[in-house]
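Everything below concerns the one structure shown next.
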Amino acid sequence: MKKNKLYVSILHRQVYPAPNLAPWEFAIEADSRVEETFSKLFSQISDVELTNFIRAHLPAIPYHLDKENHQIDLRTMKLYALVHEFGDEESKKFVESLPYFR
């Protein structure tokens, strides 16, 4: 498959085909399958956050014991792993500096 330059915003949960469309944090070179993977992970995080919103109204479950929060963390790590795999050197160095990649 053909690789394209893509611009990823983890913060805004978007992948852009051009750098001037919106703010982004990482430039990557990847094919459409990787772009779809980013979109799926972003969507999954949004779904889990909705569940968390509902669960947040049950104060008996502490944050650190809430399995949905672990699901968000896991997907976030997967997003950064994709950035590391397909990103430029600057992106790779940033991801390697994150605590869970040490």
#### Entry: Sequence neighbours excluded - salt bridge (charged side-chain N to carboxylate O under 4.0 Å, His left out) pairs with any residue from residues 12-34
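Non-adjacent pairs meeting salt bridge (charged side-chain N to carboxylate O under 4.0 Å, His left out): Arg13-Glu49, Asp31-Arg33.
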
Please check if [X] and [Y] belong to a single hydrophobic cluster, counting links between Ile, Leu, Val, Met, Phe, Trp and Tyr side chain heavy atoms closer than 4.5 Å.
{"X": "Val15", "Y": "Leu21", "answer": "no"}
{"X": "Ile28", "Y": "Tyr7", "answer": "no"}
{"X": "Ile10", "Y": "Leu74", "answer": "no"}

What distance separates [X] [atom1] from [Y] [atom2], expressed to the nearest 0.5 Å?
{"X": "Ser46", "Y": "Arg75", "atom1": "OG", "atom2": "CZ", "value": "11.0 Å"}
{"X": "Leu79", "Y": "Phe38", "atom1": "CG", "atom2": "CZ", "value": "6.0 Å"}
{"X": "Phe42", "Y": "Ile45", "atom1": "CZ", "atom2": "CD1", "value": "7.0 Å"}
{"X": "Glu89", "Y": "Lys93", "atom1": "CD", "atom2": "NZ", "value": "6.5 Å"}

### Query
Is the ring centre of Phe94 less than 6.0 Å from the ring centre of Phe26?
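Distance test on ring centres: under 6.0 Å, yes.
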
### Task
Return each pair, listed once, that meets side chain to side chain donor-acceptor pair (under 3.5 Å) where at least one residue sits in residues 76-86; pairs must be two or more places apart or across chains.
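Found His84-Glu96.
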
Taking all non-hydrogen atoms of both residues, which atom of [X] and which atom of [Y] are closest, and how far apart?
{"X": "Ala27", "Y": "Lys5", "answer": "CB-CE, 3.9 Å"}
{"X": "Leu6", "Y": "Pro17", "answer": "CD2-CA, 4.3 Å"}
{"X": "Pro23", "Y": "Ser9", "answer": "O-CB, 3.6 Å"}

### Query
So does Lys40 have more than 12 non-hydrogen atoms from other groups sitting under 6.0 Å from NZ?
no

### Message
Keeping Trp24 on the side-chain end and Pro19 on the backbone end, is there a donor-acceptor pair under 3.5 Å?
### Response
yes

### Message
Is there a side-chain contact between Leu41 and Thr37 in this structure, where contact means two heavy atoms from C-beta onward sitting under 4.5 Å apart?
### Response
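Side chain of Leu41 against side chain of Thr37, heavy atoms only: contact under 4.5 Å found.
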
